[in-house]
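What you see below is based on every heavy atom in this structure, not just the backbone, and it leaves out hydrogens, waters and symmetry mates. Residue numbers begin at 1 in each chain, while the letters A, B, ... track the order of the sequences.
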Amino acid sequence: MTDAPPLSDPDPPAPFTARELRDLATEIGAAFEPAATPTEVVLLDVDPTRLHAYWSIVAADLNAARDQLNDDSPDLVLRFHDVSPRGTPGTRAEVPFDVEIQGRRGATYVDLWQAGHSYVADLGLRGGGDHFVLLARSNQVDQPPLGPSADDSYAEIGHFEPEIPAFPALTIPPTPDPSLFDGLFPGRAAEPPASESDDPPESPETPDVVEVTDVLDVMEFPFVTESEGFPLIDPSSLRPASEAMPAGIGATATTTVKTLGDTPAATTDAPPPGARSAPGDTPAPDAPATANESRVPPPPTGSVITLSSFSLGQEAVELEVHAEIHVFGRTRPGRRLIIDGRPVTVRPDGTFSLRRPLPRGAVVLPLIVEEESEDEWR
Amino acid sequence: MTAYGYLCLALHAHLPYIRHPEHGSFFEERWLFEAITESYVPLIRMLERLRADAVPARLTLSLSPTLIAMLRDPLLQARYRTHLDGMRRLADRELRRTRGDSRFAPTALLYEEMLDAAAGTFDQTYRGDLPAAFATFADDGLLDLITSAATHGYLPLLRAEPNAVRAQVLLGQSCFRTAFGRPANGIWLPECGYYRGLETVLEDAGFRYFFVDSHGIENARPRPRMGLAAPVACANGVVAFGRDPDCSRQVWSRDEGYPGDPWYRDFHRDIGFDLDIETIRPFLLDGKTRIHTGFKYHRITGPGDDKQPYNRTRALERVRAHAEHFVRERRNAVVRLGPGPGPKPILVAPYDAELFGHWWFEGPQFLETVLRLLNGEGPIAAGTPDDYLALHPSLQRAAPSPSSWGEKGFNEFWLNEGTDWIYPHLNAAARRMGDLARHFAAAPPDSLHGRALRQAARSLLLAQASDWPFIMRSGTSSDYALARVRDHLARFQYLDDALCRDSVDERRLQALEFMDNPFPDVDPSLYV
C-alpha cells in the first residue's frame, strides 16, 4: 500500500463581486414564502379603544373542531373576555362577546366601547345552542386608559440602582475573510468596480435591487382554495343589485339591538361595533358612557338595522350603534382591486381589507380585479 | 445642582441600518451622510466650544445601536468621505457661480465653511470615529450617553413574543457596552413606545430610566402628585421621565414652533431642483434624477414659493430671541412649581437629534445658546436624569401608562391597515428564532451552524426596525421600506431552511454576513 499523494492547497475562493451579492439578495428575496403558522390568535392594542387581532388556523384543527359540533354551518368567531382586574374604572364585562370572522388566516380590527380594560380572545367555532369549540387562546392585551387615574394614593420607592449586569459573554464575531470583499470597490469604496461599469445607473429613488413589484410577481404564495376556508374573491360571485343583502351582516346588527333592548337597567355598556352580544340569554354589557343624548324611537324588535349610525333611547337605556361592513380577503399579490369604485390597497402578502359604514338598504359592492398582462392592466 | 428646578435636554440620534455593499452607491445611505454633516458634526463642534469655554453644559444623548454600528463601519466611513469630497467640489463651484452676487455668495461661503469643518472634524480630529468623539464629551462631563433597542424595534408591537423584546433591549445594552466600555444607565425606548411590564426587561438589561410621552406620566396609576414635573418609579424602581408638552410644542410644532420662523433657512428650496439639469448633473447619483444637494439659499419667508434670499445675520438674531424665550418659559415654569417640599421639578425636553441642523438648519446654534443661557444664575439649570436621580434617591411609585410619541399617542402609526401585515411575519420569525436557538444551542460560535444562527438573528432584528412601518405610513420611500422588511424576512427564512436541512452554504453565508453585518456579538440564546 502506498501513501496517498500529498494534497495540494485548495484554490482560494474567488472574491465576491457586487453583482454576485446583488444576485444572491434577489434570489433569496424572490424565494420568500410566508411561513406556515400554527393555529393561533394574537391581539395587539392600537389605541385605548381599538385593538387588532390576527389569526391562523391549521386545516386539520379546523376539521377536528367541526367534527365536535353538531352543526352544518358553525360560525368562526373570536370570543373576547374582559379580564381586567377588579377595580378597573368603567364596567367590567362579566360575559364574553363574539366577533364573527372568516378565513383560516386573517386579521381584523375591533372597536371597543371603553378604554383601559384588558382582554383575551378565544378563537373557535360556535355552533347551535351556543356550543363553542376552542381552537386557540390569545395573549392578553391591556388597552391604555384615556385619562388620569382616579387613584391618588401616594407612596415612594427607591429607584433602581443597577449592578453591573451579567451580560452574555461576547461570542466570536463572524469574520468572513475580508480579502473576499477586497475587490468589490477598488480605491474609494463608493466607486463601482470596473466590471460593473455596464450596469445601468441606479435610480436614487428606486434602486434596482429592490424592485418590489418584480419580486412580488414571481412570489409563489401558498394560496388556499375556497374549500379550505379562505375567501378568494371571485368576480362572478358578485350579487346583482336587486338581490337582498346577505343575511349575515344584517343579522349581526339585529341581534345586537335586540339583545340591547333587553338589557337590564343595571348594566349600561354596549359591545363594540361588529360584535355580537353575549351568547344565549346571559346579561349584555352596559351602555357607553358617551351615549348620544338625542332620542329617537327604537326600531321594531327584530328589524334589520340599515343605518350606519343611529341612536335610540328608552327610559333607562341609551344606545349608540355604529354598524360597519368589513370586507377582507386575499388575492394574488400585484393585482389591483377596486371595490365599490374605490381602489383598495393589496398588501404585499396579497391580503386586503376595507371598512365602510353600513349604508341603508341592500349592499352591493362591485369589485374589479386588474392584473398586469403584457404591460397592460386588465 | 442647587437650582429650583432643572431642564433635561435629551437628544435621540438614530437612523435605520442602511448599508448596501452590493451597490456602488445607494441613495438611502445619504440619510447618514447628511446627518453627519448637518447634525452630528455641528453637535460635536458645539460641545467643543462649550468645553473650551468651560460652560457646565449637561446634555443627554441617545445613540441607537444601529447608528453606532453605521458610524463605525469602514465601508460607510469611506463612502462618507467620497460623499463629502463631492459636496466640497460642489461648494467650490457654487462659490464661483455666486461670486459677486451679494444675495447668495455669503450663503455659498457658509456652506463651504460647514463642509470644511465637517471634513476637519470627521477625518482630522476624530479619524472617522464619531462615537469616540461623543465619548470624550461624556468623559468630560458634558454629556450623558444612553442608547436604544438594538434595531429600534417598536417594542409594544413585538411583545406577543417576549423574547423578541428581550433580545432588542439586552442587545442594545450589550452594543453600547461594547462601544463605550460601560453600560448605559438610560434607554430611549424606540418611538417612546411603552407598555406595562416593559420595565422588567429594562431592569434585566441594567437600565435605570427611560422616557415616555406626556400622557405616559399624566395617566399613570396612581396619579403622579407632581404631574409631569417629576419622574415616577415603576414597582421595580426603574424610573420613567415624561416629556414636557410645552418644550415639545415650541420646538416641534409646525405652526407655533421656532423652526417655522420666516428668517430661518428654507428646507425645500434646493439647487438640486432649482438649477438647470445640465448644471447639476455631475452631482446627481445617477446623473438624471434630481435630489436635495443641501445647498439651499432661501429663507422660509412665508407661505408660497416666493422665497427671499437667506440672511444668516438675521437668522442668528432670531436664534438668540428664540433661545431666550425658551429658557425664560422654562424658568417661569419651575418658579411656578417650586420650591416645595417634594422633589424638585424637572422639565424633560426630548427631541430627535437630526432635527437640529438637518431639518432646522439653525438648530445647533439654538441648542448652544440655550445651554449657555442655562449657565447663568437663576432658578433653572441644565440637568440629566442621572443628575436628578443622584439628588432624589426615592420617587413616587406609579405605573406609567402605555403610550408612544407617535401621532395620536399610541400604536396606530405603526399598526394600521398599511402595515399590519408585518406583525404576523415578525412574530412567527421571532418564535422560530427561539426554536432554532434551542435546537442549535450546542453549535460552536465559529461553526457554520453557529454563524448561520447568529446571521438569522441579525436578519430578524433588522426586519423589526420601527423605521420600516413608520416610513410606509409616512408615504416617503415606502417601496424601499417594504423591500427591507421582505428581504430581511426572506434572509431569515433562507437561513432557517439551510439550518434545518443541514445545508448551510458557506459562500452564501459569507455574503449575508458581509451585507448585514451589525451586532457581531449577537447571542442567539437571548431568544431562548
Side-chain angles (χ1 to χ4, degrees), chain A residues 16 18 21-22 24-25 28-29 32 35 37 42 44-47 52 54 107 139 142 144-145 147-149 151-160 162 165 167-168 170-174 176 180-181 184 188-192 196 201-207 209-210 212 347-349 351 353, chain B residues 22-27 75 78-79 82 157 160 174 196 203 206 208 218-219 221-223 225 233 237-239 285-287 289 291 389 393-397 401-402 410-412 415 417 420-421 424 428 445-446 451 479-480 482-483 487 490-491 493-494 508 510-511 513-515 520-521 523:
Chain A
F16 283 92
L21 295 177
R22 283 203 299 271
L24 176 66
I28 291 177
F32 175 60
T37 47
V42 174
L44 300 169
D45 54 308
V46 179
D47 62 32
H52 177 71
Y54 70 82
N139 56 311
D142 304 318
S149 170
D151 179 1
D152 60 357
S153 61
Y154 185 84
E156 287 194 0
I157 183 176
H159 50 71
F160 172 55
F167 284 90
L170 299 184
T171 53
I172 300 169
L180 291 174
F181 303 95
L184 269 179
R188 279 302 176 96
E191 293 167 4
E196 300 289 322
E202 290 152 6
S203 161
E205 299 292 346
T206 53
V209 77
V210 288
V212 178
R347 302 182 187 105
D349 62 354
T351 60
S353 61
Chain B
E22 72 274 26
H23 292 272
S25 63
F26 204 84
F27 174 75
L75 175 67
R79 289 186 173 188
T82 303
L157 298 178
S174 171
R196 288 210 173 110
E203 179 188 2
R208 299 176 76 190
E218 289 168 332
N219 298 347
R221 190 178 62 214
R223 193 167 59 231
R225 184 169 287 180
V238 175
V239 175
L285 279 185
D286 62 356
T289 307
I291 57 174
L389 295 179
S394 66
L395 296 165
Q396 182 176 358
R397 173 178 167 168
S401 182
F410 299 99
N411 300 339
E412 184 184 334
L415 175 62
E417 293 188 353
D420 55 18
W421 62 273
D446 53 353
R451 287 167 53 193
D479 283 353
Y480 176 71
L482 190 152
D487 282 350
R491 290 172 194 184
Q493 192 175 66
Y494 167 79
R508 289 175 159 231
Q510 284 175 328
E513 287 171 338
F514 183 66
M515 286 193 286
D521 56 345
D523 180 0

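The two residues B:His23 and A:Arg22 make their nearest non-hydrogen contact at CE1-CD, 3.3 Å. Taking both residues in full, the closest heavy atoms of B:Gln493 and A:Ala35 are given as NE2-N, 3.8 Å, listed atom of the first, atom of the second, then distance.
Every residue two or more places apart in sequence or in another chain that forms a salt bridge (Lys or Arg N to Asp or Glu O under 4.0 Å) with B:Glu412 is listed here: B:Lys408. Take A:His159 and apply the ring pair (Phe, Tyr, Trp, His ring centres under 6.0 Å) test, not counting sequence neighbours, and it matches no residue.
Remark: A:Ser153 OG to B:Arg221 CZ distance equals 10.5 Å, nearest 0.5 Å. The NE2 atom of A:His52 sits 4.5 Å away from atom CG of B:Asp420, with the distance rounded to the nearest 0.5 Å. Distance check: A:Leu24 CG to B:Tyr494 OH gives 6.5 Å after rounding to the nearest 0.5 Å. Within the model, atoms CZ of B:Arg225 and CG of A:Asp152 stand 8.0 Å from one another, a figure rounded to the nearest 0.5 Å.
A:Val42 touches chain B through its side chain: at least one heavy atom from C-beta onward sits under 4.5 Å away, while N, CA, C and O do not. At a 4.5 Å heavy-atom cutoff, the contact between A:Thr37 and chain B is made by side-chain atoms alone. Within the 4.5 angstrom heavy-atom criterion, atoms from both the backbone and the side chain of A:Ile28 approach chain B. Looking at B:Val238, the atoms closer than 4.5 Å to chain A (heavy atoms on both sides) sit in the backbone and in the side chain alike.
With hydrogens and angles ignored, the 3.5 Å screen pairs a side-chain donor or acceptor of B:Asn411 with a backbone N or O of A:Asp45.
In terms of non-hydrogen atom pairs under 4.5 Å with chain A, the most contact-rich of B:Ala233, B:Ser401, B:Pro424 is B:Pro424. The candidate from B:Arg223, B:Arg196, B:Glu218 with the greatest count of non-hydrogen atom pairs under 4.5 Å with chain A is B:Arg223. When each of A:Asp142, A:Ile157, A:Asp151 is checked for heavy-atom pairs under 4.5 Å with chain B, A:Ile157 comes out on top.
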